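Working notes, structure below.
Throughout, numbering of the chain's residues begins at 1 and tracks the sequence. Note that this is a predicted model, so its numbers are computed, not measured.
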Amino acid sequence: MKSALEGELVRLRAREAEDEPFAHRWANDAEVIRWLGARYPAARALSAERIRDAAPRRELCVFSIDDIATQHTIGWLGLHGEAVEHRSASLGIALGEKAYWNGGYGTDAMRGACRFGFAMMNLNRILDVYPENEGAIRCYEKAGFVLEARMRDGMFKHGSYHDLIQMSLLTGELK
């Protein structure tokens, strides 16, 4: 049986200092961060700091995403909880390697993160809020997430306002 951190296409693992060159390149790629909260160029020192500060702990668990077939690092994701008593966490994901976009890798990584969150972090609810992005919506729906809310003009980016979409997944709903 596979672990919660291994899917059909990807393996999730702790972020390491060796991931910094990838993270730095992705954090400065406008296409990669288009739908993320990031808006400013990231200095190399900031990329290294983010990896160093992402050591797993109860309220934050950040992973690198590796392609199982090639062992190539293709992105990152994190589960971020505000308070343990809520048994809820936000999921954030980015595939930095564009060759892996629209190939099922993001969905596979999300499923692994959700399995880990439910089984190892004792979460009951995982959610994400992000700008309206049809590709992300399809990815989340494939994993079983349902639409909870739409926040009109919730984010200003690239010179215009975008609605924010909130989707969630409860224990037992993962597809």
Side-chain angles (χ1 to χ4, degrees), residues 1-20 22-23 26-27 32-33 35-38 47-97 100-130 133 135-149 164-175:
M1 180 174 159
K2 292 183 179 184
S3 77
L5 298 177
E6 187 170 303
E8 298 300 317
L9 301 170
V10 302
R11 180 177 299 112
L12 306 181
R13 62 170 175 78
R15 291 178 84 183
E16 301 289 348
E18 296 78 25
D19 295 328
E20 185 277 326
F22 305 119
W26 299 333
V32 171
I33 66 168
W35 297 112
L36 302 180
S47 298
E49 180 182 315
R50 286 179 179 157
I51 289 173
R52 189 176 54 252
D53 291 346
R57 51 189 187 272
R58 178 67 179 134
E59 70 280 1
L60 173 68
C61 197
V62 180
F63 298 100
S64 285
I65 304 169
D66 290 345
D67 173 5
I68 289 176
T70 65
Q71 303 300 308
H72 186 69
T73 302
I74 63 171
W76 73 85
L77 65 78
L79 290 165
H80 313 275
E82 296 173 17
V84 295
E85 58 272 9
H86 296 312
R87 293 185 55 214
S88 180
S90 295
L91 172 68
I93 182 170
L95 287 184
E97 295 299 327
Y100 290 85
W101 290 5
N102 300 312
Y105 293 87
T107 301
D108 197 40
M110 283 177 37
R111 287 180 176 137
C114 291
R115 284 192 304 270
F116 181 85
F118 293 135
M120 302 302 292
M121 297 174 74
N122 194 30
L123 296 176
N124 181 57
R125 182 171 184 265
I126 298 173
L127 67 110
D128 195 7
V129 177
Y130 51 89
N133 172 345
I137 290 169
R138 280 192 310 277
C139 182
Y140 279 81
E141 286 174 340
K142 284 190 228 172
F145 282 71
V146 296
L147 178 68
E148 284 191 343
L164 289 178
I165 304 297
Q166 179 174 311
M167 297 182 82
S168 71
L169 180 74
L170 300 178
T171 304
E173 294 179 339
L174 182 63
K175 293 181 183 176

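- By the 4.5 Å heavy-atom criterion applied to side chains, Leu12 and Ile65 are counted as neighbours.
- Side chain of Arg111 to main chain of Lys175: a donor-acceptor pair is present (N/O by atom type, distance under 3.5 Å, no hydrogens or angles).
- A 4.5 Å side-chain heavy-atom check between Met110 and Leu77 finds every atom pair outside the cut-off.
- In this structure Arg11 satisfies the side-chain contact (heavy atoms from CB on, under 4.5 Å) test together with Glu6, Ile68, Gln71, sequence neighbours excluded.
- With values rounded to the nearest 0.5 angstrom, Met120 atom CE is found 12.5 Å from Leu79 atom CG.
- The shortest distance between side-chain heavy atoms of His80 and Val62 falls below 4.5 Å.
- Without hydrogens or angle criteria, Ser88 side chain to Asn124 main chain gives no donor-acceptor distance under 3.5 Å.
- Residues that satisfy the ring-ring contact (aromatic ring centres under 6.0 Å, His included) test with Trp26, not counting sequence neighbours, are Phe22, Trp76.
- Two residues are said to be in side-chain contact when any heavy atoms from C-beta on lie closer than 4.5 Å; Tyr140 and Leu169 fail this criterion.
- Taking CG of Leu127 as the reference point, atom CZ of Phe145 lies at 8.0 Å (rounded to 0.5 Å).
- For the atom pair Glu173 CD and Cys114 SG, the distance stands at 10.5 Å (nearest 0.5 Å).
- Side-chain contact between Val129 and Gln166: present, with at least one pair of heavy atoms (C-beta onward) separated by less than 4.5 Å.
- Heavy atoms only, all atoms of each residue included: Asp108 and Val10 are closest at OD2-N, 2.9 Å.
- Shown here are the ring-ring contact (aromatic ring centres under 6.0 Å, His included) partners of Tyr100, two or more places apart in sequence or in another chain: Tyr105.
- For the atom pair Ser64 OG and Arg15 CZ, the distance stands at 5.5 Å (nearest 0.5 Å).
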Candidate pair Val32 and Trp101, rule side chain to side chain contact (heavy atoms under 4.5 Å, CB included), full reasoning: CA-CA 10 Å; Val32 171; Trp101 290 5; 4.1 Å; yes
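- Counting all heavy atoms, side chain and backbone alike, Gly106 lies closest to Cys139 at C-SG, 3.8 Å.
- Considering OG1 of Thr171 and CG of Asn122, their distance stands at 8.0 Å, rounded to 0.5 Å.
- Rounding to the nearest 0.5 Å places CZ of Phe118 at 7.0 Å from CG of Leu170.
- For the side-chain contact (heavy atoms from CB on, under 4.5 Å) with Ile74, the lone residue among Leu95, Leu9, Asp66 that qualifies is Leu95.
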